[in-house]
Amino acid sequence: MLKRTLTCGDLRAADDGRQVTLNGWAYRRRDHGNIIFIDLRDRYGVTQVVITQDAAEAYAAAEKVRSEFVLAVRGTVRLRPAGMENPGLDTGDVEVVVSELVVENAAKPLPFEIRDDVEANEYTRLKYRYLDLRRPRLQENIILRHRSVKLMRDYMDEHGFLEIETPILTKSTPEGARDYLVPSRVHPGKFYALPQSPQQFKQLLMVAGFDRYFQIARCFRDEDLRADRQPEFTQLDVEMSFVDQEDVIDLISGLCRQQVAELTAAAAPSLPFPRLTYAEAMDRYGSDKPDIRFGLELQNLGDLLSDTGVGFLKAALAAGNQVKALRGPGLATLSGQKLRERVKAYEEVVRIYGAKGLAWLDFPADGESAPKSPIAKFFNTDELAAIAERCQAEPGDVVFIVADTGKVVAAALGELRLRIARDQDLIAPGQFAFLWVVDFPLVDWNEDENRWDAMHHPFTSPKPEDIDRMESDPASVRANAYDIVLNGVELGGGSIRIHQRDVQERMFKLLGHSPEATALKFGHMLDAFEFGTPPHGGIALGIDRFIMLLASEQSIREVVAFPKNQQAVEPMTGTPDVVDTAQLDMLGIRLVSIEKKETP
RNA sequence: GGGCCCGUGGUGUAGUCGGCUAACAUACUGGCCUGUCAAGCCAGAGAUCGCGGGUUCGAGCCCCGUCGGGCCCGCCA
């Protein structure tokens, strides 16, 4: 083959006169008759090559070139004629006059065009992912991902961390997400599980004295997919010994700051990152991962309405429910028709999160007209004024009210808050608003199973001042747990771990595990805690999500080379797929037909 | 398990109060053209409108079912 002497991103005016050979893909071809331009593309850039009848053989070949042919060209670099430079290309001052052109591989018409401004159906994109990945946008995302991970590795190395691999074939654990299982051929009837995270191994590395560990770790969870959830994903997994929460927060804040500073056009976010307790976050934003790029905080109205005559609010407060409000800036300036449509859409939003209704009060822009809200007349003047003051509602605003259990109010208004911010364009692009959420509850009551679940995971330590209430009032026990949030996306979370056997046993007991089950599943952890375990803690960052945000993408599939679709299918290879009976026989596995849903 | 939205030439879209001989752009094929850079101009081919059924004189459009996809709820220690 005709090997390149440099890449399609290299040539500059100073290279005028050089003999060069380029390899690449025919990105665009412009045939003027007797002169043909081809933009030759590789991952480094685009270079214009020119073919004329002066090189008759090359010209004949160039006439047959189509999009995405792989070419090798030999020729001479020359400055473009005055006025013909292309400032849009790094190589735009020059072009290569071709003396020899070789078609290394032709290409059939493509299933979609290789360009950023035409978005093909995502199934087609995934089926031909190798073509999708040629598009500049995905090339940039994948390159950004490389740089991000490289930067993380260097940062961790500079801070004294060791990168250590942990098993992919490991043991199924009863807690948390569904495991992906791998049958053992050597032990028919037994199974490995793919790790949901390297949690136990990294803690045991602390017991082993490795002190500062990290890993770019692939994790697997067999749960339903979302735009920000793939069944396999990558974490920056970190664990440290002889540290407290502040050490972990400092370390990771610095890493995040560096990522933004070095990989985006945004200014480095200032340290320390803002911090909220879980209780504050839920109260003020209705979310444990608040987007703090805009205001619109939730306001409690309960105390203002203790004597209200408004029936549904009175009833809600009497039942011990919450009444909270959210300001919709400028919404009262919409026409009656538009406002009704908007309210209807917002009712739909809160309904999804369990709210039975959405009340609204408009404050007319002129400060005089009668409100359009059908319920405004039930409030007395003092109440309206108090609500406006509490919500800092100006003339022209609408205030939305949800009365329900604390959980429903938070979820409904928390989500509505995001929706209003988007609709009213309150989020300026290009921001990276980090936030630490701390003091998570240790456990969470599971209504369905009638038991306590670990909010983070069962190895998370309770706050020393709360530990005495683990048995008497578990809901009030706070954990040494922390999450880092970026632009309303949960980037990662961690905790200071339990390192004492008795505390760990109390935790398992609280979670409803019998001593026998605990010994069977977690005996190795409990044993380790009796052989000199240092105080330790750590964190894991979702790398896919981080890069999605750095790249301003809406889905982590845009930053994963070969992602699965929402049905957990990878359309290119056709994964998952059936296997030979012989393979199953070897594993001692027999398939039973999956029961069809019964028809009523 | 559930909710909402979307399936129209290869690709992206329009057409959705029923009248279509299915439109536009691009890609594709052929022709013209020596300075373009999303090149341009001319001509051409290419779609049983995801699939099945129904309503109707007539269905891309309405109804029912089904398949595929996206977003979300549940789920995700």
Side-chain angles (χ1 to χ4, degrees), chain A residues 27-41 46-54 59 63 66-68 80-89 91-92 95 97 107-128 131-132 173-179 196-197 199-200 219-231 233 345 348-354 411-412 415 419 440 442-444 446-448 452-460 479 481 490 493 495 507-508 511 513 540 542 554-555 557 565-567 569 571 597:
Chain A
Y27 194 34
R28 314 253 189 263
R29 173 176 165 280
R30 295 176 292 280
D31 182 350
H32 288 242
N34 294 318
I35 183 164
I36 297 171
F37 301 97
I38 295 172
D39 290 340
L40 202 61
R41 184 202 71 236
V46 172
T47 299
Q48 171 166 288
V49 301
V50 191
I51 308 100
T52 66
Q53 297 279 22
D54 296 345
Y59 184 83
E63 280 190 303
R66 294 294 178 269
S67 285
E68 298 304 307
R80 293 192 187 193
M84 298 298 160
E85 301 85 357
N86 184 348
L89 290 181
T91 62
E95 60 195 3
V97 183
K108 294 195 295 186
L110 293 129
F112 50 85
E113 293 171 61
I114 309 300
R115 53 196 296 168
D116 283 341
D117 53 343
V118 177
E119 194 75 358
N121 173 291
E122 195 165 356
Y123 187 87
T124 313
R125 290 179 56 198
L126 292 177
K127 185 161 175 67
Y128 300 95
L131 298 180
D132 197 26
T173 49
E175 300 260 345
R178 271 185 289 273
D179 287 318
Q196 297 177 27
S197 84
Q199 184 59 37
Q200 296 182 41
C219 304
F220 306 86
R221 295 178 189 173
D222 187 5
E223 297 293 346
D224 288 345
L225 287 78
R226 290 283 187 282
D228 63 353
R229 276 163 37 187
Q230 285 274 304
F233 59 99
E348 182 60 23
V349 170
V350 300
R351 197 190 57 77
I352 292 168
Y353 295 88
E415 196 60 32
R419 175 63 183 269
F440 276 79
L442 185 68
V443 291
D444 190 28
N446 183 330
E447 295 277 356
D448 299 331
W452 296 103
D453 280 345
M455 188 112 174
H456 185 53
H457 58 54
F459 309 108
T460 297
E490 183 193 332
S495 62
M507 184 66 183
F508 283 130
L511 299 176
H513 298 325
Q554 300 295 312
S555 162
R557 294 192 295 271
N565 71 10
Q566 195 164 48
Q567 279 62 48
V569 165
K597 196 172 56 178

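Lettering follows sequence order; numbering is per chain, from 1.
- For the pair A:H32 and A:F37, the minimum side-chain heavy-atom distance is below 4.5 Å.
- Both A:N34 and A:R351 lie near RNA chain B, and the one whose nearest nucleotide falls closer to the 5' end is A:R351.
- Dashed line: the shortest gap from a side-chain N or O of A:R226 to OP1 or OP2 of B:rC73 is under 4.0 Å.
- Not one side-chain nitrogen or oxygen of A:Q48 sits closer than 4.0 Å to the OP1 or OP2 atom of B:rU36.
- Using a 4.0 Å heavy-atom criterion, one finds that A:Q196 contacts no nucleic acid atom at all.
- Within the 4.0 Å cut-off from OP1 or OP2 of B:rC28, not a single side-chain nitrogen or oxygen of A:R29 is found.
- For the pair A:Q48/A:R30, a side-chain contact is recorded, criterion being any heavy-atom separation below 4.5 Å from C-beta on.
- Spacing between B:rU13 and B:rU21 at atom P, rounded to whole Å, works out to 26 Å.
- Checking the phosphate oxygens (OP1, OP2) of B:rC73, a side-chain nitrogen or oxygen of A:Y353 falls inside 4.0 Å.
- The 5' end of RNA chain B is approached more closely, in terms of each residue's nearest nucleotide, by A:Y123 than by the other of A:D448 and A:Y123.
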Listed pairs, N/O of protein and of nucleotides 7-11 of chain B, under 3.5 Å:
unit_1 : atom_1 : unit_2 : atom_2 : d
B:rG10 : O2'    : A:P111 : O      : 3.2
B:rU11 : O4'    : A:P111 : O      : 3.1

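- The side-chain heavy atoms of A:N86 and A:R80, taken from C-beta on, include a pair separated by under 4.5 Å.
- Side-chain contact between A:E68 and A:L131 is absent, with no heavy-atom pair separated by less than 4.5 Å.
- For the pair A:R351 and A:E348, the salt-bridge criterion is met [side-chain N within less than 4.0 Å of a carboxylate O].
- Residue A:R30 places at least one side-chain N or O under 4.0 Å from the OP1 or OP2 atom of B:rA39.
- A distance of about 9 Å separates the C1' atoms of B:rG46 and B:rC28, rounded to the whole Å.
- Checked by distance alone, A:R229 brings a side-chain donor or acceptor within 3.5 Å of a matching partner on the base of B:rC76.
- Between A:P571 and A:N565, some side-chain heavy-atom pair lies under the 4.5 Å cut-off.
- No donor-acceptor contact under 3.5 Å links the side chain of A:D39 to the base of B:rC37.
- No donor-acceptor contact under 3.5 Å links the side chain of A:E122 to the base of B:rG68.
- Counting distance only, with no hydrogens placed and no angle test, the side-chain atoms of A:D117 and the base atoms of B:rG12 include no donor-acceptor pair under 3.5 Å.
- Heavy atoms of A:R28 sit under 4.0 angstrom from primed sugar atoms or phosphate atoms, though from no base atom.
- At the phosphate of B:rC37, neither OP1 nor OP2 sits under 4.0 Å from any side-chain N or O atom of A:N86.
- Side-chain atoms of A:M507 and A:H513, non-hydrogen and from C-beta on, never get closer than 4.5 Å to each other.
- Taking only side-chain nitrogens and oxygens, A:Q554 never comes nearer than 4.0 Å to OP1 or OP2 of B:rC71.
- A:F37 comes within 4.0 angstrom of a base, heavy atoms only.
- Side-chain contact between A:D39 and A:R41: absent, with no pair of heavy atoms (C-beta onward) separated by less than 4.5 Å.
- Judged by distance alone, with hydrogens and angles left aside, A:Q53 brings no side-chain donor or acceptor close enough to the base of B:rU34 to form a pair under 3.5 Å.
- Under the stacking criterion of a centre-to-centre distance below 5.5 angstrom and an interplanar angle below 30°, A:H32 sits stacked against the six-membered ring of B:rA39.
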